[in-house]
Amino acid sequence: MNVETAKTNKPRKNAFVMFIHKMGSPPWFYNFTGKFIPWFWAIFIVLTVWGLYLGLVKAPADYLQGESFRILYIHVPAAWMSLLIYISMAIMAFIALVWRIRIVEILAMTSAPIGAAFTIVTLAAGSLWGRPTWGTYWVWDARLTSELVLLFIYLGIIGLYNAIDEPRKAARAACLLALVGAVNLPIIHYSVKWWNTLHQGSSISLMGGSSIDTSMLWPLLIMAVATKFYYGANLLTRARVKLLEQDIRKAWVREVLKEKNG
Amino acid sequence: MLSASQIVFERYFEPVFEPVNFDLKSGELLLVTGANGCGKTTLIRVLAGILHPTSGQLDLKAAGMAYVGHYLGIKDDLSVVENLRFMRDFLGTSGTSCEQLISQVGLTRVAEQQARTLSAGQRKRCALARLLVSEAQLWLLDEPYSNLDQEGVELVDILLNRHLDAGGACVLATHGAHRPQWAGTTDYHLVSGAAA
Amino acid sequence: MLSASQIVFERYFEPVFEPVNFDLKSGELLLVTGANGCGKTTLIRVLAGILHPTSGQLDLKAAGMAYVGHYLGIKDDLSVVENLRFMRDFLGTSGTSCEQLISQVGLTRVAEQQARTLSAGQRKRCALARLLVSEAQLWLLDEPYSNLDQEGVELVDILLNRHLDAGGACVLATHGAHRPQWAGTTDYHLVSGAAA
Amino acid sequence: MSGQAVNASLSRAFFALVRRDILLAFRRRTELLFPVIFLMVVVSLFPLGIGPGPQLLARIAPGVIWIAALLATVISLDALFRSDFEDGTLEQFVISGHPLTLIALAKILSHWLVAGLPIVLLSPLLALWMNLPGESLGVMILTLAIGTPILSLIGSIGVGLTISLKRGGQLLSLLVFPLYVPILIIATAAVMAASDSLPYTQFLGLLTAGLITSVTLAPFAAAAALKISLS
Amino acid sequence: MSGQAVNASLSRAFFALVRRDILLAFRRRTELLFPVIFLMVVVSLFPLGIGPGPQLLARIAPGVIWIAALLATVISLDALFRSDFEDGTLEQFVISGHPLTLIALAKILSHWLVAGLPIVLLSPLLALWMNLPGESLGVMILTLAIGTPILSLIGSIGVGLTISLKRGGQLLSLLVFPLYVPILIIATAAVMAASDSLPYTQFLGLLTAGLITSVTLAPFAAAAALKISLS
Ligand code: HEM
Ligand SMILES: Nc1ncnc2c1ncn2[C@@H]1O[C@H](COP(=O)(O)OP(=O)(O)OP(=O)(O)O)[C@@H](O)[C@H]1O
Ligand SMILES: Nc1ncnc2c1ncn2[C@@H]1O[C@H](COP(=O)(O)OP(=O)(O)OP(=O)(O)O)[C@@H](O)[C@H]1O
Ligand SMILES: [Mg+2]
Ligand SMILES: [Mg+2]
């Protein structure tokens, strides 16, 4: 369905669809999100500084792992985000495919590199952490493996999106792939989980088992919230730039640019 | 049979051609002309339903549609007969025999030859035979005359006249010097969206 | 510049065309005509040295040879400019700038576009620009007019006249209604070996 | 047309397409053997690269045979679908008015017949080469019989998405191999369980569930992907 | 033209072609990563199919990495040569008058830069994944650095021969894999010797001899094969 025709001749029933279609108008989206973005960035920076201060300076060293446990404050929030962003991207991909809404396509596609970046951070931080704790950078543990596969799927989506020239076509193809990946990810996750327990009893358990001290927990929670604001801010900033690029010859962009420059 | 109102197709967020409007009836020929790169092929692919128009209404009421484009849709590894037989089975049509069609388009000598070894004009003729196999009411022809010799050009005109006489309709895109003679012809000069 | 005596090319042990004889000199145009499938493309590929004649003598004394065939030899993934720039570097020629050539063939608007997105006529024009890049003395053109609009056909004739004026030579295969106007034209009607 | 007539015409189109694809694949009689020989060559690289120890080979046999099957699938997938796209036949299919899902399903079926079935038939020989213990041979064949159609089905989505790209081959493997991970894991787990005399039926059940799910979903996704690639 | 001028024009043509092929391969920035990711994906299939046991993985690591290199080479070979054939560019090369051997050599070089070099550069990471012991890592990299150009060189002959066939990909693997067997054996023997602290230089010597031989012979054979395929 086309955005313009939908607006003029179809009565709206569903508040959600209505919101989606309102979001679908580029100038509205541009102006609406413009108000939030600075706040998102600000909250992200404040929370990160606070969380890292508590985590890296205030929290006591772990009695087992010493100082190296502090990688936790990067590793765990990044790991959570890598999964959360995929879910969010898949939902947007579904909306984009069904209603053919360009802005949602853009949002889904700008999510992919952010998610991939978090996945790489998770893998890198985890590997660095693995060296002191496990004595090796890499083992084919279930969680590690499925995180690696997640990275491959992210890279596939990004690769496909960039390989196709026409932006709308590229976005639709990559959105479809994101959806197929969403169906498969849980299957991959569980199959990898078993695979590992089946072949060899993994001697390493990620969570040291016992409950975590509150002075170590708080910074983690703060960092977890901070990364969500980072995602929001980064996503919207990139999406707005992309929208301007695509509509560079449209009237509303000229107006926006005129306002900016003069 | 086919009507278009305010058809727009965008690439890279720019319209390829000016909005298109027409209403094609049975026995009519729509002749789409325009310079190289004005969007004739694109328009025909939109009409064929391969491309999705960005906006506008397309209304199709034909019993079957057939298309000959720049890419002819002939399997290189099958012979001419095999190509036509497959299309017949696939479409479930059952009129004139394939051999007869092949002789109509003048390919009898190379009928058993693999399509990859056909000359450019022979390939085009093979695609024309497939057009006849489809028994469709609406023909979409994108430069049917290219690569054909004098006799081949006349062949296209004969087939076209017969099709229109029998109540069919046709959209034909061309920029060549040659234009088919038919009473119910509408000229449609396509203007590139970029030029406007 | 190019002379052929009793050139025969066989496929499946059958000659494709009757033995070919000619002697092409500087400033001359050899116009090869004939029905679809009579062997024009095959002959031109023999002259170009891509196919090996089964028997006969081919004598080439040209400074460079350029060929535009059914397959245009344009890289889909490069833009028009990149295609020409590569050819220039590859051939080591250094005449008119690529941008100028592109504007000569009327592709300025799509110069930066990837070749895969060009329309059929735009592709042909791109191949014509490559012809100019090569600065070759002998041109082998296989249906240069196909897919071109009126303006494009005139463009080919202009380029051809200029080339022949400057002492070049050309073998041009065509079956279309249009034929170039040039004083030193030899007509060569090719007869299929199978027909004979 | 009545519903029945439509169904008859659809099934005729379906089988016409399958017949054509198989004819194309076996245009020359020698080409019948290509998929089989490809598999044999790839599998035989392993004893050469890893060394001929029989225990070691038996240990890695299920994995090696399955990985070779994945590779053979991906290589042949691209070939089978791409040509219809490049020569304009796919456009003709769209115009015919037959549902694209049906066309995708027909192509997937003929792909399996050409590229998947030979793997299944050849697997006893491969297992013999790799010293796979006899008990697990039957399970190996079963996993391949159930699993290779899933490879064709999931692969067709990837092909549909990359078909309009010139250098699609590498990107295709990038897209589909991650999706193949569960099948690889479950199938090899079944074979290994069988060679250790452990129960393995649950794995076969899972594979079958996977087959049913992908038969019902993948053709739709593949058709959507093709539609996008054409535009 | 004088001899020197001819040489200058030939070397200019050579580098123009190499530059173009690399530009084509990496048309977009993300495509730079495709070969690398392809290799990572293929190698990571092995632990998944064979099991994560570090000793076992270390044992088969040289073979697996080398076989992945063979596969990556063959898949990319076809892509890199075929397009020039199908769009008529190869005809243009023949007509240009430049020797076809030079053109074959340029295409082989760019193939190695695109498909071989990334394997060499990535091999440390792959070795890490497969738990290859640190001592043999250097030898692994050396064998890949000497061996992958041989793969491109020999492969180009096979491509030249199969390029005019539609379904050439599978046939290509049949032709070239047998030719790759000696390289696979020598290279993995070198790495295994190194991990067992045995002498390995003789193997590297053999590989180097192979490289020299194939550099001098393969481009001529490839050019002849291309010439045959064109007619
Ligand atoms: C490359 C190596 C690693 C990868 C890919 C990785 C991946 C992950 C992932 C995906 C999660 C999120 C799980 C979820 O929320 O479901 C996670 C959480 C976690 N990881 Fe890692 N990890 C790695 C190494 C390590 C190491 C070496 C340690 C410490 C010994 C570690 C400790 C943790 C902890 C404590 C959590 C949070 C607890 C939880 O959510 O279960 N990880 N990791
Ligand atoms: N896939 C594509 N991506 C981007 N631009 C394209 C694509 N296909 C075509 N174009 C551009 O759209 C315009 C119209 O192309 P189209 O093929 O419809 O022209 P045409 O009228 O058929 O021309 P011709 O007479 O040369 O066949 C051209 O300028 C072309 O460069
Ligand atoms: N590779 C091949 N193998 C077998 N026969 C071939 C091959 N290529 C061409 N032929 C046959 O040789 C004859 C001449 O073909 P050619 O392409 O030279 O014709 P042409 O004069 O260029 O025709 P057109 O005007 O249609 O382009 C045709 O009958 C064709 O079927
Ligand atoms: Mg056109
Ligand atoms: Mg011809």
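Just the heavy atoms: all of them, side chains too, but no hydrogens, waters or symmetry mates, feed the values below. Residue numbers start from 1 in every chain, and the chains themselves are labelled A, B, ... in the order their sequence lines are given, proteins ahead of strands.
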Below 4.5 Å, heavy atoms only, C-beta onward: do [X] and [Y] meet side chain to side chain?
X	Y	result
D:Trp129	D:Ile65	no
E:Pro47	E:Leu57	yes
E:Ile75	E:Phe38	yes

Item to check | Greatest number of heavy atom pairs closer than 4.5 Å to chain D - which of E:Leu56, E:Val42, E:Val41 | outcome: E:Leu56
Checklist outcome for this item: If you tally heavy-atom pairs under 4.5 Å between each of E:Ile60, E:Ile37, E:Leu45, E:Thr188 and chain D, the highest tally belongs to E:Leu45
Checklist outcome for this item: If one checks every heavy atom of E:Met192 against chain D at 4.5 Å, the contacting part turns out to be side chain
Checklist entry - Taking the side chain from E:Asp87 and the backbone from E:Thr89, do they hold a donor-acceptor pair closer than 3.5 Å? => result yes
Checklist entry - chain E heavy atoms under 4.5 Å from D:Leu48: which part of the residue, side chain, backbone, both or neither? => result both
Item to check | Region of D:Phe46 in contact with chain E, defined by heavy-atom distances below 4.5 Å | outcome: both
Checklist entry - Under 6.0 Å from the OH atom of D:Tyr200, do we count more than 12 heavy atoms belonging to anything else shown? => result no
